[in-house]
Amino acid sequence: MLMVEQLQKSFGGVAALDGCSFNAAESHITAIIGPNGAGKSTLLNCISGATKPDRGRITLFDNNVTAEKPHRLARAGLARTFQISRELSSLTLLENVLLAQQSQSDEHFFAPIFLRGRILKEEKEATQRAMQLLTRVGLERLADETASVLSGGQKKLLELARALMLNPRVVLLDEPAAGVAPPMVQVLIEVIKGLQGKGVSFILVEHNMDMVAALSDHVVVMAEGKKLVEGTFKDVTSDRRVADAYLGGVL
Ligand SMILES: Nc1ncnc2c1ncn2[C@@H]1O[C@H](COP(=O)(O)OP(=O)(O)O)[C@@H](O)[C@H]1O
Ligand SMILES: [Mg+2]
């Protein structure tokens, strides 16, 4: 489904990615782990089109999508989660999901009042779909509340619902469990599993090893900008090189 070949990305003199290659299979959850500074976020940013790699190639469903714009990637079936910004916090959950289409494709800033005008024009069909997605992540009761009332974990669920509005085949998740209370991590795990059951594939960057253990079909361990080891969760966590990388890394 996704092939990353020899990605290279430097910031000043620092090589964030230094020949990173890996493959992710369709309908799998592929986890990317590794110590801080390993290049995981840079890798996700390159795949999602937010960062342009200096070198290398990214192939999605047999199309070369290297340095492709995010809205074109969205059309090719790839979505990522975004943090719910301050502007979006003042809108309701339903409005947030309805607006996902624009915010994935558009980097422009819209004042909430202007957003509301757009929402009024949305079709009934889109509203129904947004409600279905809120139901799928278990937030339907809160559809008319503003996003500012949500806990950290509920915001992650809302981010997921927003990403799903584009009907993606692949979703990129950067640390969905970060800052989320343990019971909510379990909810997130169940929701992501359920979506995988519906045919959605995931690339998951995560430090929470309970989540990685519960979800990953395949684990890629990164260190110093490239793949160090890959395999099942069991394989990689019993690998000496992985333990060494975490000890050597800035934790
Ligand atoms: N925008 C940037 N400007 C300068 N350096 C960056 C930038 N993004 C990442 N880096 C550097 O690249 C390396 C990899 O960072 P990152 O991809 O965030 O790693 P991870 O997500 O695995 O912690 C780090 O040394 C980081 O400081
Ligand atoms: Mg990171």
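All figures in this text were calculated on a predicted structure; none of them were measured in a lab. Along the sequence shown, residues are numbered consecutively beginning with 1. Numbering of ligands and ligand atoms starts at 1, following listing order.
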Starting from atom 18 (O) of ligand 1, locate the nearest protein heavy atom and write down its residue, its atom name and how far away it is, to 0.1 Å. Ser41 CB, 3.8 Å

With a 4.5 Å limit on heavy-atom distance, are the side chains of Thr59 and Glu5 in contact? yes

Are more than 12 heavy atoms from other residues, nucleotides or ligands located less than 6.0 Å from atom CZ of Arg136? no

Tell me the closest heavy-atom pair linking Asn45 and Arg80, and the distance in Å. OD1-NH1, 3.3 Å

Measure from the Mg ion (ligand 2) to each N, O or S atom of Thr42 and report whether any distance is below 2.8 Å. no

For the residue pair His218 / Asn23, report whether a side-chain donor-acceptor contact shorter than 3.5 Å exists. no

What protein heavy atom is closest to atom 17 (O) of ligand 1, reported as residue, atom name and distance in Å? Thr42 OG1, 2.6 Å

May I ask you to check whether Ala38 has an N/O atom sitting below 3.5 Å from an N/O atom of ligand 1? yes

Give the residue, atom name and distance (to 0.1 Å) of the protein heavy atom nearest atom 23 (O) of ligand 1. Gly37 N, 2.8 Å

What atoms in ligand 1 come closer than 4.0 Å to a heavy atom of Val14? 25 (O)

How far is atom 5 (N) of ligand 1 from the closest protein heavy atom, and which atom is that? Phe11 CB, 3.4 Å

Taking NZ, NE, NH1 and NH2 as the nitrogens, is one of them in Arg169 or Glu26 under 4.0 Å from a carboxylate oxygen of the other? yes

I'd like to know if Gly34 contacts ligand 1, where contact means a heavy-atom distance under 4.0 Å to any ligand atom. no

Distance flag for atom 10 (N) of ligand 1, protein heavy atom under 4.0 Å: yes

Side chain to side chain contact (heavy atoms under 4.5 Å, CB included), paired with Phe202, selected from Val170, Asp217, Leu195: Leu195

Atoms of ligand 1 under 4.0 Å from any heavy atom of Asn36, numbered from 1 in the order shown, are 23 (O)

To which of Cys46, Gly225, Pro35, Ala16 does the heavy atom nearest atom 13 (C) of ligand 1 belong? Ala16

Name the closest protein heavy atom to atom 19 (O) of ligand 1, giving the residue it belongs to and the distance to 0.1 Å. Gly39 N, 3.1 Å

Please identify which of these residues, Leu73, Asn63, Leu2, Leu78, meets the side chain to side chain contact (heavy atoms under 4.5 Å, CB included) condition with Ile58. Leu2

Got more than 12 heavy atoms from elsewhere within 6.0 Å of CD, Gln154? yes

